[in-house]
Participant: 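Would you mind keeping the following structure in view while I ask a few things?
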Amino acid sequence: MSASAKLAELGIELPNVVPPLAAYVPAVRTGNLVYTAGQLPMEAGSLLRTGKVGAEVSPEDGKALARVCALNALAAIHSLVGIDSVTRMVKVVGFVASSPGFSGQPGVVNGASELFGQVFGEAGAHARSAVGVSELPLDAPVEVEVIVEVA
């Protein structure tokens, strides 16, 4: 099943591409790889939440926000090459703005990883880093970037 058909089956509509906040582009292709810029949990032009996971943002809410970041990454990929050209998720990097002592970054970034598995099946399995950081742009709780292989 194609990625676009799977998205439709799941009732997911890709959002519009989030405009860059600085001097970069949402996604770049080199050879058969597409790299996305870090994607924040933006929806309809607004950041959904601010704050640190483990303090103002619960780990469960952080996981849901990571899913939004993943959808924004898919939108950036789709705008560049079309979502159905993705043959494999290669790498996911999730940054979690973490309160002191919070060590649940992997669970938060699962919000992105699980979405990619739902959309791409076995081709959605990927290498990953889940990193706790002190601050993210706009005081976002989470940011996700991906590398995909395309046909």
Participant: Between the main-chain N or O of E143 and the side-chain N or O of E145, is there a donor-acceptor pair closer than 3.5 Å?
Facilitator: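 No; judged by distance alone, with no hydrogens or angles, the pair does not exist.
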
Participant: Counting C-beta onward and ignoring hydrogens, is there a side-chain heavy-atom pair between L33 and V90 closer than 4.5 Å?
Facilitator: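 Result yes, sub-4.5 Å side-chain heavy-atom pair found.
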
Participant: Determine the minimum heavy-atom distance between V53 and G62, stating which atoms define it.
Facilitator: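 So the two residues come closest at CG2-CA, 4.4 Å.
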
Participant: Show the numbers, then the answer: is there a side chain to side chain contact (heavy atoms under 4.5 Å, CB included) between V109 and R128?
Facilitator: CA-CA 9 Å; V109 180; R128 187 179 89 177; 3.6 Å; yes

Participant: Taking all non-hydrogen atoms of both residues, which atom of L71 and which atom of L14 are closest, and how far apart?
Facilitator: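 Between these two residues, the closest heavy atoms are O-CD2, 4.1 Å.
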
Participant: So, R88 side chain and A125 main chain: donor-acceptor pair closer than 3.5 Å or not?
Facilitator: yes

Participant: Establish whether L80 and L74 are linked, either directly or via other cluster members, by ILVMFWY side-chain heavy-atom contacts under 4.5 Å.
Facilitator: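 Same cluster: L80 reaches L74 through Ile, Leu, Val, Met, Phe, Trp or Tyr contacts under 4.5 Å.
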
Participant: Considering non-hydrogen atoms only, spot the tightest contact between P20 and P26 and give its length.
Facilitator: CG-CD, 3.9 Å

Participant: Which atom names give the shortest non-hydrogen contact between L138 and L47, and what distance separates them?
Facilitator: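 Nearest heavy atoms, L138 then L47: O-CD2, 3.4 Å.
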
Participant: Between H78 and A76 (side chain of the first, backbone of the second, donor and acceptor by atom type, cut-off under 3.5 Å), is there such a pair?
Facilitator: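 No, H78 side chain to A76 backbone: no donor-acceptor pair under 3.5 Å.
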
Participant: Quick check for you: to the nearest 0.5 Å, what is the distance between I83 atom CD1 and S4 atom OG?
Facilitator: 8.5 Å

Participant: Can you name the closest pair of heavy atoms from S113 and H126 and give their distance?
Facilitator: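 What the structure gives for the nearest pair is OG-NE2, 2.8 Å.
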
Participant: Do the side chains of K63 and E60 get close enough for a salt bridge, i.e. N-O under 4.0 angstrom?
Facilitator: no

Participant: Could you give the distance from CE (M89) to CD (E122), rounded to the nearest 0.5 Å?
Facilitator: 15.0 Å

Participant: Apply side-chain hydrogen bond (donor to acceptor under 3.5 Å, both in side chains) to Q105 and list each qualifying residue two or more places apart in sequence or on a separate chain.
Facilitator: S98

Participant: Please step through side chain to side chain contact (heavy atoms under 4.5 Å, CB included) for the pair F116 and V148, ending with a clear verdict.
Facilitator: CA-CA 11 Å; F116 296 141; V148 297; over 6 Å; no

Participant: Going from CG on N110 to CG on L115, what distance comes out if it is rounded to the nearest 0.5 angstrom?
Facilitator: 12.0 Å

Participant: Which atoms form the tightest heavy-atom contact between P41 and C69, and what is the distance?
Facilitator: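 Heavy atoms only, the tightest pair is N-SG, 3.4 Å.
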
Participant: Does a donor on one side chain and an acceptor on the other come within less than 3.5 Å for R67 and N72?
Facilitator: no

Participant: Rounded to the nearest 0.5 Å, how far does OG1 of T50 lie from CG of L40?
Facilitator: 12.0 Å

Participant: Taking a hydrophobic cluster as the set of Ile, Leu, Val, Met, Phe, Trp and Tyr residues connected by side-chain heavy atoms closer than 4.5 Å, whether directly or through intermediates, do V18 and Y24 fall within one such cluster?
Facilitator: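 Yes, V18 and Y24 fall within the same hydrophobic cluster.
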
Participant: Examine V34 and V93 and state if one hydrophobic cluster contains both, with Ile, Leu, Val, Met, Phe, Trp and Tyr joined whenever side-chain heavy atoms are less than 4.5 Å apart.
Facilitator: no

Participant: Quick check on the hydrophobic clustering: are I12 and V68 connected, directly or via other members, by side-chain heavy-atom contacts under 4.5 Å?
Facilitator: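 Looking at the clustering, V68 is in the same group as I12.
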
Participant: Only counting residues at least two apart or in another chain, list the ones meeting side-chain hydrogen bond (donor to acceptor under 3.5 Å, both in side chains) with D139.
Facilitator: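 D139: no side-chain hydrogen bond (donor to acceptor under 3.5 Å, both in side chains) contacts found.
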
Participant: State whether the number of non-hydrogen atoms from other residues, nucleotides or ligands found under 6.0 Å of E43 atom CD is greater than 12.
Facilitator: no

Participant: Linking I/L/V/M/F/W/Y whenever any side-chain heavy atoms sit under 4.5 Å apart, do V144 and F120 land together?
Facilitator: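 Same hydrophobic cluster.
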
Participant: Do the non-hydrogen side-chain atoms of V146 and K91 ever get within less than 4.5 Å of each other?
Facilitator: no

Participant: Taking everything shown except N16 itself, do over 12 heavy atoms lie less than 6.0 Å from its CG?
Facilitator: no

Participant: Between F102 and V108, is there a side-chain heavy-atom distance shorter than 4.5 Å?
Facilitator: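 In contact.
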
Participant: Taking the side chain from E9 and the backbone from A5, do they hold a donor-acceptor pair closer than 3.5 Å?
Facilitator: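 Flag not set: sc E9 to bb A5 has no pair under 3.5 Å.
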
Participant: Under the side chain to side chain contact (heavy atoms under 4.5 Å, CB included) criterion, do T87 and V150 qualify, and how do the steps go?
Facilitator: CA-CA 5 Å; T87 58; V150 295; 5.6 Å; no

Participant: Nearest 0.5 Å, please: how far is CD in E149 from OG in S85?
Facilitator: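 So the gap between those two atoms works out to 10.5 Å.
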
Participant: To the nearest 0.5 angstrom, please state how far the CG atom of L65 sits from the CE atom of M42.
Facilitator: 12.0 Å

